[in-house]
Asks: 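Please read through the structure below; I'll follow up with questions.
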Amino acid sequence: LAKGNAKLTMKNIQLSSVDSGIFSQGAGNEILVEDCMLNVPNYYAVYQNGSAAASTITLRDSTITSAYDAGGYISNADRPGGLKQSLVMENCTVTAKTAVEVKHTNAVRRDCTLIGTGPLTALVNGSGNCTTGYAFAMTTNDATEKATGNATLTNCKLYREAEGAGEGV
């Protein structure tokens, strides 16, 4: 979804890709993924570029697997006026080095299992994800910027399954 105000609906789909799964970089995009299996080993399974806001991504009843740095990476800049991306996840399982990372995004997760599999790292990165090893990460673009957005997790299970790590985040 390179242009803004685009809509993508995927229902009951099995997507296996060696590159991007869902790649969105326009403003005002609406993405619905429902009852799907996404397997994307070499890039983000679900990606929203941070140069354009505000888009809405809804993931329901789906399984997302990636060997890349984040299974879902929803990025944004700290914009004047506070425009935020929106991520809603319901009854999903996400497995990746960091399951889900968001920047300046309102994120709601219900009944989800998030599994971080990478070695535990966090760094400052103005362009791209900043973590591995986390079930959920809320980050920002530089060391002087505060993270913004609201994160709500309800009835979720968070795991860190990197070598030597136990259950929990």
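All values below come from the heavy atoms of this structure, side chains included, with hydrogens, waters and symmetry mates left out.
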Asks: State, yes or no, whether a side-chain contact exists between Asn155 and Arg110 at a heavy-atom distance under 4.5 Å.
Replies: no

Asks: Work out which heavy atom in Ser24 is nearest to a heavy atom in Asn29; give both atom names and the distance.
Replies: OG-ND2, 2.9 Å

Asks: Looking at Leu59, Thr58, Thr56, which one forms a side-chain contact (heavy atoms from CB on, under 4.5 Å) with Leu87?
Replies: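 Of the listed options, the one satisfying the test is Leu59.
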
Asks: Looking at Gln85 and Ser75, what are the two nearest heavy atoms and their distance?
Replies: NE2-O, 3.0 Å

Asks: As a quick check of understanding, evaluate side-chain contact (heavy atoms from CB on, under 4.5 Å) for Met89 and Leu114, giving each step before the final call.
Replies: CA-CA 11 Å; Met89 297 175 63; Leu114 306 179; 4.0 Å; yes

Asks: Which value, rounded to the nearest 0.5 Å, describes the distance between Thr117 atom OG1 and Tyr159 atom OH?
Replies: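 Thr117 atom OG1 to Tyr159 atom OH measures 15.0 Å (nearest 0.5 Å).
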
Asks: Compare every heavy atom of Cys156 with every heavy atom of Arg109, then report the nearest pair and how far apart it is.
Replies: O-SG, 3.5 Å

Asks: Any chance you could measure Met138, atom CE, to Ile74, atom CD1, to the nearest 0.5 Å?
Replies: 12.0 Å

Asks: First locate atom NZ of Lys157, then atom OG1 of Thr113, and finally report the distance between them rounded to the nearest 0.5 Å.
Replies: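 Answer for the NZ-OG1 pair, Lys157 versus Thr113, is 5.5 Å.
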
Asks: Of the options Leu8, Ile22, Thr105, Val46, which is the one that meets Ile57 in a side-chain contact (heavy atoms from CB on, under 4.5 Å)?
Replies: Val46

Asks: Taking all non-hydrogen atoms of both residues into account, name the closest pair between Ala135 and Ala99 and its distance.
Replies: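 That would be O-CB, 3.1 Å.
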
Asks: Quick check: do Lys103 and Asn141 have side-chain heavy atoms less than 4.5 Å from each other?
Replies: yes

Asks: How long is the span from the CZ atom in Phe136 to the CG atom in Leu153, to the nearest 0.5 Å?
Replies: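 One gets 6.0 Å once the value is rounded to the nearest 0.5 Å.
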
Asks: Give a yes or no on whether Val88 and Val102 share a hydrophobic cluster (residues Ile, Leu, Val, Met, Phe, Trp, Tyr; joining criterion: side-chain heavy atoms under 4.5 Å apart).
Replies: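 In one cluster: no.
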
Asks: With sequence neighbours excluded, tell me which residues meet side chain to side chain donor-acceptor pair (under 3.5 Å) with Asn91.
Replies: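 Side chain to side chain donor-acceptor pair (under 3.5 Å) list for Asn91, sorted by chain: Asp61.
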
Asks: Does Thr98 use its side chain to pair, donor to acceptor, with the backbone of Glu101 at less than 3.5 Å?
Replies: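 No, because the side chain of Thr98 does not come within donor-acceptor range (under 3.5 Å) of the backbone of Glu101.
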
Asks: Among Tyr47, Tyr73, Tyr44, which residue satisfies the ring-ring contact (aromatic ring centres under 6.0 Å, His included) criterion with Tyr68?
Replies: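 Between Tyr68 and the candidates, ring-ring contact (aromatic ring centres under 6.0 Å, His included) is satisfied uniquely by Tyr44.
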
Asks: Minimum heavy-atom separation for Val94 to Gly71, with atom names?
Replies: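 Between these two residues, the closest heavy atoms are CG1-CA, 4.2 Å.
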
Asks: What is the distance from atom NZ of Lys84 to atom CG of Asn106, rounded to the nearest 0.5 Å?
Replies: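 Rounded to the nearest 0.5 Å, the NZ-CG separation comes out at 6.5 Å.
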
Asks: Working note: Ser17 + Asp19, criterion side-chain hydrogen bond (donor to acceptor under 3.5 Å, both in side chains); need CA distance, chi angles, decisive distance, verdict.
Replies: CA-CA 5 Å; Ser17 172; Asp19 198 353; over 6 Å; no

Asks: Find out whether Thr154 and Asp111 are in side-chain contact, i.e. whether some heavy atom of one side chain is under 4.5 Å from a heavy atom of the other.
Replies: no

Asks: Using the ring of Tyr134 (Phe, Tyr or Trp, six-membered ring only), decide whether Arg160 places NZ or CZ under 6.0 Å from its centre and within 45 degrees of its axis.
Replies: no

Asks: For the residue pair Ala96 and Ala70, what are the closest heavy atoms and their distance?
Replies: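 Of all heavy-atom pairs spanning Ala96 and Ala70, the closest is CB-C, 3.8 Å.
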
Asks: List the atom pairs, donor and acceptor, that lie under 3.5 Å between side-chain atoms in residues 32-40 and the rest of the protein, sequence neighbours left out.
Replies:
{"from": "Glu34", "atom 1": "OE1", "to": "Arg60", "atom 2": "NH1", "distance (Å)": "3.4"}

Asks: Assigning hydrophobic clusters by single linkage (Ile, Leu, Val, Met, Phe, Trp, Tyr; side-chain heavy-atom cutoff under 4.5 Å), is Met10 placed with Ile64?
Replies: yes

Asks: Roughly how far, to the nearest 0.5 Å, is the OG atom of Ser55 from the CD atom of Gln48?
Replies: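 Going from CD on Gln48 over to OG on Ser55, the span is 4.0 Å.
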
